[in-house]
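Structure, as structure tokens:
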Amino acid sequence: ENTNVVKTDSPNNSGYEEPRWVDWTTPRLNEAEQPPQPPNTGACGALPDPLPLRSIPQLPDPFTFLNTNPVRTRDDWFCRRQEISSLFQVLELGVIPPKPEYVGGSLIGTNLTVEARQNGRSVSFSARVDLPSGTGPFPAIIAIGGSSIPIPAGVAVITFPNDDIAEQVDTTSRGKGIFYNLYGTSHSASALAAWTWGVSRVIDVLQTIEGSRIDLGRLAVTGCSRNGKGALVVGAFEQRISLTIPQESGTGGAGCWRIADSLSTLGVQTQTARSIVTENVWFSTLFNNYASRVNDLPIDHHLLAAMIAPRALFVIENTQMDWLGPRSVYGCIRTAAKVFQALNFTDRIGFSQVGGHAHCQFPESQRADLNAYLNKFLLRDLTTNTAIFRTDSADQNGYVENTWVNWGIPRLSNASVPPPAGNACPPLPANITPKKT
Ligand code: MCU
């Protein structure tokens, strides 16, 4: 029954003129829909020095800390996530620096300017903001180097100039771009790490702009192929992003190094860690040490994807191209889904893998899957079914789970997940003197 009744028999609403009495707008309150926030982790997740490495032929267990302690609660998971984050930075991506001393900027028309200063150096860059018409606030998709997915009405697009932040022409791009002008050409950050830093600064600036018409509680990130690898890393590390949509990111993105290596051994023309480090600067020079022995890594990309939990992840892939490693991305994301399952958020990880189209040409047949994620996590239609995990490969790309997963899924207890510190109601001060300002 419809109980949404506000009526009067006065033809002019009793002469009530709302703008005279109400000069504020109604926010869309969404607290109940927010995923639990990571607790303040402090020193938790700190890495031992030296870092012990051992050969792990299967995909490493998300639910066991390096020191072999088990992950038993949701809080434990956030601590393990911290450990995983550090491992990725130390072994693969290079360090993603924290917010610099100064970040500022402006939004004029479609031009968002970001300025960052650190240790007496200053850099700036621009991102393009395309808003729908209307007053908003609108959800927004941050497109790494541009978007190759259909954007629904009512969603803003922020085009992030990743090639300006860190170049990706070939291996001669190492240390080139705005990020390295600030932090130095020999900084360990790879291109993917530098882009992540840059996207975080875009969000920092948007947070300072009142009336930007962008709802910072509803941000997504996307990118295709090499930029899809970037989108996945951005979503993994930047927790202000609610929905991560890597498209055809393949090896080095949604694919797992170990499964890609095994495909290559079987003669499938798949990109591997060994080859990726000779092609471009997406990974840190630190990773060169491991590219030919990925089994020695305590991480693989199922853990990168799992860092997004319990925020939402929707992976778009293509069975058409061996280079992307269809079996690898399928198995890798299916394994990442086990973390979402343990946290009891199975509707926040989706996978759609469809061939029959060229690389980064989004096919109509994936639109419903994509829209389900956009509807639920950006447009807030909470009734949408996002339990989507599909491939058009008749044999699931030949993926055999027990080759890769030799651990079980714990039921993580709901142990306290405290709200972020800033949300606590401050106590009233003892003496309050009302004063007109
Ligand atoms: C799938 O993304 C990459 C791939 O990893 C590279 O090996 C190839 O050179 O470029 C692809 C891409 O970015 O295509 C646009």
Side-chain angles (χ1 to χ4, degrees), residues 88 92-93 142-149 159-174 176-177 190-196 199 221-236 244-264 268-284 287-288 290-292 294 300-302 304-305 313-333 351-363 366 391 393 397:
F88 270 104
E92 197 182 297
L93 296 167
I142 300 170
I144 308 294
S147 158
S148 337
I149 54 171
T159 306
F160 178 73
N162 57 324
D163 292 1
D164 295 347
I165 308 302
E167 282 184 17
Q168 54 166 341
V169 177
D170 53 31
T171 52
T172 67
S173 299
R174 181 71 66 194
K176 292 186 188 160
S190 59
L192 303 184
W195 301 343
T196 300
V199 169
V221 64
T222 191
C224 193
S225 202
R226 57 192 62 198
N227 297 341
K229 304 183 208 303
L232 183 64
V233 173
V234 169
T244 301
I245 313 173
Q247 180 185 14
E248 300 188 37
S249 61
T251 302
C256 278
W257 302 123
R258 285 167 174 82
I259 311 179
D261 265 9
S262 83
L263 283 172
S264 168
V268 181
Q269 291 299 308
T270 296
Q271 185 164 38
T272 59
R274 208 182 265 105
S275 69
I276 214 166
V277 297
T278 65
E279 184 184 344
N280 216 307
V281 296
W282 298 310
F283 297 91
S284 173
F287 190 54
N288 294 344
Y290 309 101
S292 301
V294 297
D300 209 323
H301 277 218
H302 62 305
L304 182 68
L313 168 64
F314 178 62
V315 174
I316 300 167
E317 279 291 336
N318 185 348
T319 44
Q320 191 77 19
M321 293 170 63
D322 283 352
W323 190 241
L324 296 172
R327 181 189 297 178
S328 168
V329 290
Y330 174 85
C332 202
I333 299 305
F351 182 78
S352 178
Q353 188 184 39
V354 174
H357 60 93
H359 188 41
C360 297
Q361 299 298 310
F362 185 85
Q366 281 179 308
T391 174
S393 159
N397 305 289

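If you're wondering where the values come from, they're calculated on a predicted model, not measured in any experiment. Every number for a ligand or one of its atoms is a count from 1 in the order of the listing.
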_Run the side chain to side chain contact (heavy atoms under 4.5 Å, CB included) test on F283 and Y290 for me, step by step, so that the C-alpha distance in whole Å, both residues' side-chain angles and the decisive distance to 0.1 Å come before the verdict._
CA-CA 11 Å; F283 297 91; Y290 309 101; over 6 Å; no

For I316 and I245, run side chain to side chain contact (heavy atoms under 4.5 Å, CB included): C-alpha distance rounded to whole Å, both residues' side-chain angles, the deciding distance at 0.1 Å, then the answer. CA-CA 7 Å; I316 300 167; I245 313 173; 3.6 Å; yes

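Residues L324 and V329 fail the side-chain proximity criterion, which asks for heavy atoms closer than 4.5 Å. The side-chain heavy atoms of N280 and K229, taken from C-beta on, include no pair separated by under 4.5 Å.
Residues passing the salt bridge (Lys or Arg N to Asp or Glu O under 4.0 Å) test with R327, sequence neighbours excluded: none.
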Polar pairs, ligand 1 vs protein, N/O only, below 3.5 Å.
{"from": "ligand 1", "atom 1": "2 (O)", "to": "S225", "atom 2": "OG", "distance (Å)": "2.5"}
{"from": "ligand 1", "atom 1": "2 (O)", "to": "R226", "atom 2": "N", "distance (Å)": "3.3"}
{"from": "ligand 1", "atom 1": "5 (O)", "to": "K229", "atom 2": "NZ", "distance (Å)": "2.7"}
{"from": "ligand 1", "atom 1": "5 (O)", "to": "Q271", "atom 2": "OE1", "distance (Å)": "2.5"}
{"from": "ligand 1", "atom 1": "7 (O)", "to": "Q271", "atom 2": "OE1", "distance (Å)": "3.3"}
{"from": "ligand 1", "atom 1": "7 (O)", "to": "Q271", "atom 2": "NE2", "distance (Å)": "2.9"}
{"from": "ligand 1", "atom 1": "7 (O)", "to": "E279", "atom 2": "OE1", "distance (Å)": "2.7"}
{"from": "ligand 1", "atom 1": "7 (O)", "to": "E279", "atom 2": "OE2", "distance (Å)": "3.3"}
{"from": "ligand 1", "atom 1": "7 (O)", "to": "W323", "atom 2": "NE1", "distance (Å)": "2.9"}
{"from": "ligand 1", "atom 1": "9 (O)", "to": "R226", "atom 2": "NH2", "distance (Å)": "3.2"}
{"from": "ligand 1", "atom 1": "9 (O)", "to": "E279", "atom 2": "OE2", "distance (Å)": "2.3"}
{"from": "ligand 1", "atom 1": "10 (O)", "to": "R226", "atom 2": "NH2", "distance (Å)": "3.1"}
{"from": "ligand 1", "atom 1": "13 (O)", "to": "S225", "atom 2": "OG", "distance (Å)": "2.6"}
{"from": "ligand 1", "atom 1": "13 (O)", "to": "R226", "atom 2": "N", "distance (Å)": "3.0"}
{"from": "ligand 1", "atom 1": "13 (O)", "to": "R226", "atom 2": "NE", "distance (Å)": "2.7"}
{"from": "ligand 1", "atom 1": "14 (O)", "to": "S225", "atom 2": "OG", "distance (Å)": "2.7"}
{"from": "ligand 1", "atom 1": "14 (O)", "to": "H359", "atom 2": "NE2", "distance (Å)": "3.4"}

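Between atom SG of residue C256 and atom CG of residue D261 there is a gap of 11.0 Å, rounded to the nearest 0.5 Å.
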